[in-house]
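Following: one structure in structure tokens, then a few remarks.
Every chain is numbered from 1, with letters handed out A, B, ... down the list of sequences. These numbers come from the heavy atoms of this one structure, side chains and all, not from hydrogens, waters or symmetry mates.
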Number of protein chains: 2
Amino acid sequence: MNYKKQLEEYFKEVDIRCVLGLSIDCVIFGFYDNQLKVLLLRWKQTEEWGLPGGFIYKSESVDVAAQRILEERTGIKELFLQQFHTFGEDVRYNRQEISQKLSWPDTSSRQWPDRTVSIGYFALVDFSKVTPTADFLTDECRWWDVEKLPSLLFDHNHIVAVALRTLRVQLSWQPVGYNLLPEKFTMPELQRLYETILNRPLDPRNFSKKMRALGIIERLEEQRKGGAFKSPYLFRFNKEKYEKALQEGNLAFS
Amino acid sequence: MNYKKQLEEYFKEVDIRCVLGLSIDCVIFGFYDNQLKVLLLRWKQTEEWGLPGGFIYKSESVDVAAQRILEERTGIKELFLQQFHTFGEDVRYNRQEISQKLSWPDTSSRQWPDRTVSIGYFALVDFSKVTPTADFLTDECRWWDVEKLPSLLFDHNHIVAVALRTLRVQLSWQPVGYNLLPEKFTMPELQRLYETILNRPLDPRNFSKKMRALGIIERLEEQRKGGAFKSPYLFRFNKEKYEKALQEGNLAFS
DNA sequence: TAAGCTTTATGTATTCCTTACATATTCACT
DNA sequence: AGTGAATATGTAAGGAATACATAAAGCTTA
């Protein structure tokens with residue numbers, strides 16, 4: 001089988017070029033249709049889904065590896081990317097089960113150690129800018145509603161849960177959410193984003209007041225037409241003001 | 001030289017028993033004399049200081065390894081211990097320089113890869129409960145004022161800086177500071193702790209009000225005698241109330 | 001083209017939290 | 001008994017968070 005051969009080659013390459021026993025897993029968040037989405041890959045010739053991930057070259061910074069993996073496996077460049085936790089349980093998952101599910105070739109000749117420690121990164125991306133594309137290891141790549149994930153490979157459900165918790169905490173600290181929206185967005189869109197991530201309804205008057213008080217977004221004259229209702233104004237995130245507010249410490253959101 | 005032999009043996013053991021290319025570094029914070037302290041070790045036959053650290057057994061959870069290392073190298077059990085960052089730069093430090101400084105034996109025969117990725121943990125301990133003790137790799141173990149650290153081995157100054165930043169953020173989020181104080185403490189002691197970590201003065205009336213409003217400490221009838229001044233009341237941290245407040249989300253401190 | 005439906009935009013009163021600020025008290029020491 | 005040093009504490013003002021309701025806009029469709 002061609003794929004199996006490819007996989008063997010890949011593992012051989014990894015064993016030679018990469019740091020043994022370490023991997024990177026990326027939780028890529030996007031926002032669409034008022035839902036927080038996660039980008040998942042379906043492994044070739046299986047119905048098994050998992051997070052995009054990969055390995056670290058022997059003389060490569062882990063941060064750079066995370067960026068590279070993200071780019072290799074999703075085509076996304078320049079995004080909000082942050083390390084959030086390193087997963088080092090002694091038993092992260094049933095290795096035999098995984099090997100079976102993915103029809104992995106016999107790995108007994110590999111250099112790879114029994115246990116893999118994985119460094120978790122999460123990314124926030126503009127949903128509209130991503131074209132999910134499967135790569136040589138996978139048959140399919142698509143967004144999944146974070147609330148409706150299937151049972152994932154490895155300990156990836158757990159990793160997503162930790163990433164999500166981290167995202168929630170971060171959102172209360174600094175307005176990272178902008179990274180999930182296109183350049184121009186409306187106030188209701190922003191509110192939906194917050195409501196979705198924080199998982200609770202927010203009052204539109206208070207939300208608008210608070211967001212505008214932060215002084216890091218600016219209202220454009222443009223409005224978004226097309227809906228069967230009053231056209232909302234468009235806003236834009238102002239990075240300079242954001243950096244300034246960051247330095248001055250006026251950034252908390254509760 | 002006996003020590004050099006010991007070191008060789010140790011490295012050999014590590015190569016056999018431990019996960020290759022991964023290490024753990026612990027930043028142990030204590031509080032004394034109104035100063036935030038960090039526990040450092042001086043390597044044998046050198047004047048070089050570094051963080052306590054170690055390696056992970058092949059089938060050991062990284063969290064457990066961190067606890068074990070802490071216990072092995074400081075005698076401390078049961079403490080607040082938390083993973084805060086994984087350091088995976090391609091060049092974390094000048095390896096040759098380190099090898100020279102520590103008079104390491106020739107390591108060319110080792111299994112160990114060129115680059116080590118280190119998982120950082122920070123610990124908060126009751127200063128009075130720790131008896132700094134050097135181990136077989138070190139000549140001396142003592143507390144250093146976090147503001148007056150010497151130039152440390154590896155990238156340990158950087159690791160301490162990141163740990164400190166994390167601690168500051170955490171302190172604004174939840175009252176982790178209790179872990180740095182003995183069971184009974186006075187309000188001024190608690191205030192000094194916060195002032196030290198946050199690096200700014202706080203108003204005693206407001207501080208007391210706020211702390212008591214959190215509802216997680218209780219005032220005892222006891223007072224601390226001995227100073228040439230009004231005896232302060234003793235307080236105790238109430239863990240049950242704390243857990244409850246945590247669940248209800250009433251824990252932020254700004 | 002008018003009515004209807006849906007969504008957006010917005011102000012005010014109340015409460016709560018944060019901040020600023022000064023003095024009386026206690027205890028040991030002399 | 002007086003002194004010095006640290007502790008304990010209340011109140012007023014300002015700012016932020018919350019609760020709450022209605023008018024206007026834009027498309028649909030009758």
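Contact check, A/Lys210 against D/dA17: a side-chain N or O comes under 4.0 Å of OP1 or OP2.
Considering only residues two or more places apart in sequence or on other chains, B/Glu72 meets the salt bridge (charged side-chain N to carboxylate O under 4.0 Å, His left out) condition with B/Arg68. For A/Lys77, the salt bridge (charged side-chain N to carboxylate O under 4.0 Å, His left out) partners two or more places apart in sequence, or in a different chain, are A/Glu71. A/Glu218 meets the salt bridge (charged side-chain N to carboxylate O under 4.0 Å, His left out) test with A/Arg236; sequence neighbours excluded. Scored by the side chain to side chain contact (heavy atoms under 4.5 Å, CB included) test, A/Ala66 finds A/Ile24, A/Leu81, A/Tyr121 as partners (sequence neighbours excluded). For the salt bridge (charged side-chain N to carboxylate O under 4.0 Å, His left out) test, residues two or more places apart in sequence or in another chain that qualify with A/Arg42 are A/Asp139, A/Glu140. Qualifying ring pair (Phe, Tyr, Trp, His ring centres under 6.0 Å) partners for B/Phe154, counting only residues two or more places apart in sequence or in other chains: B/Tyr93, B/His156. Here A/Glu147 pairs with nothing under the side chain to side chain donor-acceptor pair (under 3.5 Å) rule; sequence neighbours left out.
Aromatic ring centres of B/Trp143 and B/Phe127: separated by under 6.0 Å.
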Contact pattern, 5' to 3', of nucleotides 1-10 of chain D - B, S or - by protein heavy atom under 4.0 Å: ---BBSBSBB
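Consecutive Watson-Crick or G-U pairs involving DNA chain C, each under 3.5 Å on both distances, make up stems of three or more pairs at C:1-30 with D:1-30.
Whole-Å rounding puts the A/Leu190 CG to C/dA9 P distance at 12 Å. Residue A/Leu220 contributes atom CG, which lies 12 Å from atom P of C/dA9 at whole-angstrom precision.
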